[in-house]
Amino acid sequence: MRWTQSLIPTLKEAPSDAEIVSHQLLLRAGLCRKLAGGLYTFCPLGLRVLRKVEGIIREEMDRAGAQEVLMPSLQPPEIWQRSGRYETARDVLYKAKDRSNKEWILGPTAEEVITTLAASEINSYRQMPQNFYQVSVKFRDEIRPRFGLMRAKEFIMKDAYSFDVSDEASMVSYRKMYDAYTRIFARCGLQAFPVEADTGVIGGNYSHEFMVPAETGENEVVYCESGKYAANIEKAASQGPLTTTPNASTGAAHEKFATPGVVTIEALAAAPYGVAGHAQVKTLVYMADSQVVLILLRGDDQMNEAKLAGKLNATAFRAASAEEIFEAMGAHPGSLGAVTSTRKKLAIRVFADEQLRGACGMTTGANEDGFHLRHVDVERDIQVDVWADLRTVKVGEACKVTGEPLKIRRAIEVGHVFKLGTKYSEKLDSTFLDVDGQRKPTVMGCYGIGVTRTLQAVIEQCHDKDGIVWPMSVAPYQVLVTPLGAAGSATMQLGEEIYKELLAAGIEVLLDDRDERPGFKFKDADLIGIPLRVSVGEKSLAKGEVELKPRGGAFVAVKKEDAVAEVIARVRQSLAALA
RNA sequence: CGGGACGUAGCUCAGCCCGGUAGAGCACUUGGUUUGGGGCCAAGACGUCGCAGGUUCAAAUCCUGUCGUCCCGACCA
């Protein structure tokens with residue numbers, strides 16, 4: 001491709017609404033343009049990268065035995081009602097109406113559609129395992145689209161769905177996808193690593209996310225330096241807090257004492273009270289659907305909403321409002337407690353974090369503004385309905401696997417694999433006759449890769465101060481030929497020759513045939529990040545040479561007649577390193 | 001949805017406080033000059049100052065509303 005015939009709208013300055021470096025480079029390198037918040041047009045260069053990433057995904061999915069299909073993005077709401085997600089996922093569902101006022105859903109994913117297909121077409125154990133994938137546009141009514149392609153309203157996702165006869169067989173399918181994902185991200189030049197993950201609204205019981213470490217990532221990953229444990233903070237567990245919870249009962253009955261104006265853990269920890277955070281019980285009030293529930297945590301712990309969601313068994317939940325809290329408890333936040341004898345209403349479920357099991361001599365709110373209770377022995381004084389791990393792990397706590405101190409870093413989620421079990425197959429009647437003649441629900445797995453997000457993650461990870469540094473495998477072009485003279489000059493003529501020979505050899509090459517100054521061309525070249533540049537300038541041409549410059553590396557002079565062969569060799573070598 | 005900020009040329013932004021001629025740099029067009037890391041000179045084109053009301057002799061500027069964008073939070077397969 002000739003630069004003069006391609007739309008590569010580079011920018012010297014980044015638009016002010018681009019906050020993170022990958023978003024800025026996406027726009028500055030002319031890869032895409034914003035149409036509206038969370039909606040982007042891919043320009044030619046960006047589309048080429050997108051196709052490269054998709055190509056790698058297709059090769060690896062095919063290699064893993066998956067079959068490509070294509071499902072509708074416009075989906076009937078009935079199947080969403082059957083799966084239950086019409087309600088549980090309603091906040092992210094885009095809905096459209098046709099001329100007869102019938103409602104349709106713009107699919108955020110396709111479990112319902114593929115399960116409908118399986119229900120009608122997979123009827124025997126002989127037909128499994130099956131794994132179907134597609135690469136398609138997905139729609140999500142994100143509350144806050146941000147960071148360019150990272151979190152968009154419309155984006156490209158590869159989604160795959162496996163169907164197996166049993167849990168064990170499903171595990172094999174899961175493992176294949178896990179391995180395929182590892183290869184896909186490596187081939188894209190990304191350092192991505194799998195972490196244990198929460199399954200969220202999608203359901204299921206076993207899951208890993210593939211994470212790209214980045215300060216700008218929206219996820220936090222808890223990991224052990226040994227490499228033996230890594231988990232999303234929503235899922236992560238440790239051996240517990242660094243301070244032990246008081247657990248020796250004095251036998252004393254709980255006792256009310258005045259704490260005027262004290263409504264925070266910190267205030268109660270300070271003089272004159274001096275009750276350490278880990279000796280307090282924190283009481284949170286949530287609305288689970290329309291039910292009030294109490295959540296108890298150690299005072300110095302933070303609630304983990306993902307963990308809570310897994311225990312509540314509710315369609316939706318949120319923190320209760322001040323009014324709802326007063327109505328249920330008779331006191332305001334900061335003075336709340338779950339001690340049975342102080343409760344205004346007893347028909348409220350109490351969820352307590354495991355750290356409070358056996359806790360004695362604790363202090364908590366008295367359900368009376370300005371008062372707390374001390375000498376609270378949790379199991380004696382509080383009627384707990386559900387014990388569960390509800391706390392968020394903190395840096396430095398001991399790893400459950402190795403005992404070493406855990407670390408936390410931010411990361412971008414580029415892929416997610418789930419074992420779904422029979423959640424969807426049961427609701428949408430995907431059943432089969434097994435070898436024993438029994439009718440059983442198919443056992444499913446689902447596997448997603450955010451293709452557009454992956455593209456941006458590569459930029460986030462592969463750039464320097466001058467621009468993008470594409471890995472050869474996903475670069476929009478493999479080689480950029482940069483003649484430094486004007487049209488008709490000797491350098492431009494040689495550049496043309498090299499360009500044509502590389503094209504003939506099957507190399508993806510861009511020729512900067514613009515009549516621009518060298519500095520301008522070099523800046524643009526660095527910005528768009530083509531991995532290998534061939535510069536043809538008068539100085540080196542006088543010595544019968546041209547210059548090869550790997551993006552981010554140093555110049556190498558090569559005899560002009562050797563240039564094409566050298567370039568081809570280097571491209572193949574780079575590709576092989578990422579195969 | 002709560003909190004905050006911002007909407008002025010294609011992009012980055014000044015002007016707004018203190019109402020009175022709409023500006024700069026980059027990009028774009030033309031000509032000249034220059035040619036190894038975003039040159040220089042000259043000329044030119046580009047704006048309903050987001051939109052709608054209001055106040056005023058007069059509004060980019062003050063007031064109200066609205067739409068959009070971004071940030072923080074909530075939310076989030």
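The sequence lines fix the lettering, A, B, ..., with proteins before strands; numbering per chain opens at 1.
- With sequence neighbours left out, A:D512 forms a salt bridge (charged side-chain N to carboxylate O under 4.0 Å, His left out) with A:R514.
- Place A:A14 and A:P518 on RNA chain B by their nearest nucleotides, and A:A14 ends up nearer the 5' end.
- One N or O on the side chain of A:D353 and one on the backbone of A:L390 form a donor-acceptor pair closer than 3.5 Å.
- Contact annotation for A:S535: no contact, since no heavy-atom pair falls under 4.0 Å across all strands.
- At a cut-off of 3.5 angstrom, the base of B:G36 holds at least one donor-acceptor pair with the side chain of A:E547.
- Between A:D466 and A:R551 there is no salt bridge, since no side-chain nitrogen of the basic residue lies less than 4.0 Å from a carboxylate oxygen of the acidic one.
- No donor-acceptor pair closer than 3.5 Å links the side chain of A:R453 to the backbone N or O of A:M157.
- Listed by residue number, the members of residues 133-141 of chain A with any heavy atom below 4.0 angstrom from RNA chain B are A:R140.
- Checking side-chain atoms of A:E60 against main-chain N and O of A:I184 turns up no donor-acceptor pair under 3.5 Å.
- Among the heavy atoms of the strands, none lies under 4.0 Å from A:R33.
- Of the two residues contacting RNA chain B, namely A:H416 and A:E538, the nearest-nucleotide position lying further toward the 5' end is that of A:E538.
- Within 6.0 Å of NZ on A:K95 lie more than 12 heavy atoms contributed by other residues, nucleotides or ligands.
- B:C26 and B:C63 are spaced 35 Å apart, taking the P atom of each and rounding to whole Å.
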Strictly under 3.5 Å: I want the nitrogen or oxygen pairs between protein and nucleotides 22-30 of chain B, one per line.
from	atom 1	to	atom 2	distance (Å)
B:G25	N2	A:E13	OE1	3.3

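- Although no hydrogens or angles enter the test, the distance criterion places a donor-acceptor pair under 3.5 Å between the side chain of A:Y181 and the main chain of A:G448.
- Rounded to whole angstrom, the span from the CD atom of A:E112 across to the P atom of B:A77 amounts to 13 Å.
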At a cut-off of 3.5 Å, list every protein nitrogen or oxygen paired with a nitrogen or oxygen from nucleotides 65-75 of chain B, distance to 0.1 Å.
from	atom 1	to	atom 2	distance (Å)
B:U69	OP1	A:G37	N	2.9
B:U69	O3'	A:K34	NZ	3.1
B:C71	OP2	A:R144	NH1	3.3
B:C72	OP2	A:R144	NH1	3.2
B:C72	OP2	A:R144	NH2	2.7
B:C72	OP2	A:R146	NH1	3.2
B:C75	OP1	A:E305	OE1	2.2
B:C75	OP1	A:E305	OE2	3.1
B:C75	OP2	A:E305	OE1	3.4

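- Looking only at side-chain heavy atoms (C-beta outward), A:W3 and A:L480 come within less than 4.5 Å of each other.
- When distances run from any side-chain atom of A:K539 to the nucleotides B:A77, B:G36, B:G39, the shortest one goes to B:G36.
- Between A:H208 and A:Y174, the two ring planes are tilted [angle within 30° to 60°].
- Side-chain N or O atoms of A:R33 include none that pairs as donor or acceptor with a backbone N or O of A:T41 at under 3.5 Å.
- Across residues 485-494 of chain A, not one residue has a non-hydrogen atom less than 4.0 Å from an atom of RNA chain B.
- If you check residues 68-81 of chain A against RNA chain B, the residues with a heavy atom closer than 4.0 Å are A:W80, listed by number.
- The main-chain N or O of A:A236 is found under 3.5 Å from a side-chain atom of A:K307 such that the two form a donor-acceptor pair.
- Distance A:E220 CD to B:C76 C1': 15 Å, rounded to the nearest Å.
- In this structure, A:Y499 contributes its side chain and A:M1 its backbone to a donor-acceptor pair below 3.5 Å.
- For the pair A:R318 and A:E324, the salt-bridge criterion is met [side-chain N within less than 4.0 Å of a carboxylate O].
- Judged by distance alone, the side chain of A:Q75 and the main-chain N or O of A:P72 form a donor-acceptor pair under 3.5 Å.
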